[in-house]
Amino acid sequence: MRIMTTIASRWQAVNARIAAAARSAGRDPASVTLVAVSKTFPPAAIAEAQRAGQQAFGENYVQECLDKIRALPELGILGHIQWHFLGPIQSNKARLVAENIDWAHGVDRLKIAERLSAARPDSLPALQICIQVNVSGEDSKSGVAPETAFVLAGQISALPRLQLRGLMAIPEPNPDSVQRRSRFRMLREIRDEISRKGIPMDTLSMGMSDDLEDAIAEGATVVRVGRAIFGERGPARV
Ligand SMILES: *Cc1c(COP(=O)(O)O)cnc(C)c1O
C-alpha cells in the first residue's frame, strides 16, 4: 500500500521546489504562497491536496469552480478553502465571482472591476484583486499593456469592496531562462513603479509548473501551479 498519494507527494515536491528557489534568491520560503490550479481535475483531487495541507486553489471557469465548491462538503472537506479565480471574467459572470471567490487574478478592465465591486456582498471581506498585465506583448493575450496598468490601478483602488493586491502575468512559454526571467522582472518593475507613485501593492502573481523558479527569483509572492501537482490535464471540462 502506498503511504502517500501521488497528489500528496507531488505537492510536497512542489513545496520543496518553492523553498529551494526562495532560499537561493535569499528569500523566506514563507513569502511565497502556492495556489494549486485544479482546473479540469475533479473535486476528489482537490480533497486529496487539501488533506495533504494545501489551502488555496485556483480555477479558470466560473461554473466549474462553483460545481467544485458545492461538491467538496460531500467529500468531507469542510474547512475553509481559499478560492482564486484565474481566468478572464466575463461581465455576466462577475456577480458569481464576487459572491463566491476570495481572489480574482485576471482583472484587466475597469468595467469588470466595477461589477465585482458592486456585487461583492457586505458579509464577505473585500475581494482581493490582481491586475493582469500583458508582459509578452502579443495582441491575443488578455491583460493590460504595461503603460496602462498604473491608471487602472488607481481606478480599482478607489472602488469599495475590492482590495487591490498586485499584478499578475502569464508570460509566453520561453525555452530561454534569461528571457523568462526578464518577463517576470518586467512585472516586478511595473509593480514597484506603481507603488512608488503612491499605490502600494504587495502581490506578484507569477510562475507556473515550468517556470516557478524563475518567477520566485524575480520576486513572485504567489505561484499558480497545476500540472506539477495534479498531473497532465485533459481537455477543459467547460
Ligand atoms: C492553468 C493555469 C495555471 C497553471 O498552469 P500549469 O502549467 O498547470 O502549472 C496558472 N495560471 C493560470 C492563469 C492558468 O490558466
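Atoms considered below: every heavy atom in the structure, side chains included; atoms not considered: hydrogens, waters and symmetry mates. Note that ligands are numbered from 1 as they come in the structure, with each ligand's atoms numbered from 1 the same way. Given the structure is predicted, the values throughout are model-derived calculations rather than measurements.
Shown here are the side-chain hydrogen bond (donor to acceptor under 3.5 Å, both in side chains) partners of Gln12, two or more places apart in sequence or in another chain: there are none. For Arg27, there are no salt bridge (charged side-chain N to carboxylate O under 4.0 Å, His left out) partners at least two apart in sequence or on another chain. For Asp210, the salt bridge (charged side-chain N to carboxylate O under 4.0 Å, His left out) partners are Arg227, not counting sequence neighbours.
The environment of CD in Gln55 is sparse: at most 12 heavy-atom neighbours from other residues, nucleotides or ligands sit within 6.0 Å.
Between Ser209 and Arg17, the shortest heavy-atom contact is O-NH2, 2.8 Å.
Rounded to the nearest 0.5 Å, atoms SG (Cys65) and CD1 (Ile46) are 7.5 Å apart.
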Anything under 3.5 Å between an N or O on ligand 1 and a protein N or O? List each pair with its distance, or write none.
from: ligand 1; atom 1: 7 (O); to: Arg227; atom 2: NE; distance (Å): 3.0
from: ligand 1; atom 1: 7 (O); to: Arg227; atom 2: NH2; distance (Å): 2.8
from: ligand 1; atom 1: 8 (O); to: Arg227; atom 2: N; distance (Å): 2.8
from: ligand 1; atom 1: 8 (O); to: Arg227; atom 2: NE; distance (Å): 3.4
from: ligand 1; atom 1: 8 (O); to: Arg233; atom 2: NH1; distance (Å): 2.7
from: ligand 1; atom 1: 8 (O); to: Arg233; atom 2: NH2; distance (Å): 3.2
from: ligand 1; atom 1: 9 (O); to: Ser209; atom 2: N; distance (Å): 2.9
from: ligand 1; atom 1: 9 (O); to: Ser209; atom 2: OG; distance (Å): 2.5
from: ligand 1; atom 1: 9 (O); to: Gly226; atom 2: N; distance (Å): 2.9
from: ligand 1; atom 1: 11 (N); to: Arg224; atom 2: NE; distance (Å): 2.8
from: ligand 1; atom 1: 15 (O); to: Lys39; atom 2: NZ; distance (Å): 2.7
from: ligand 1; atom 1: 15 (O); to: Asn60; atom 2: ND2; distance (Å): 2.7

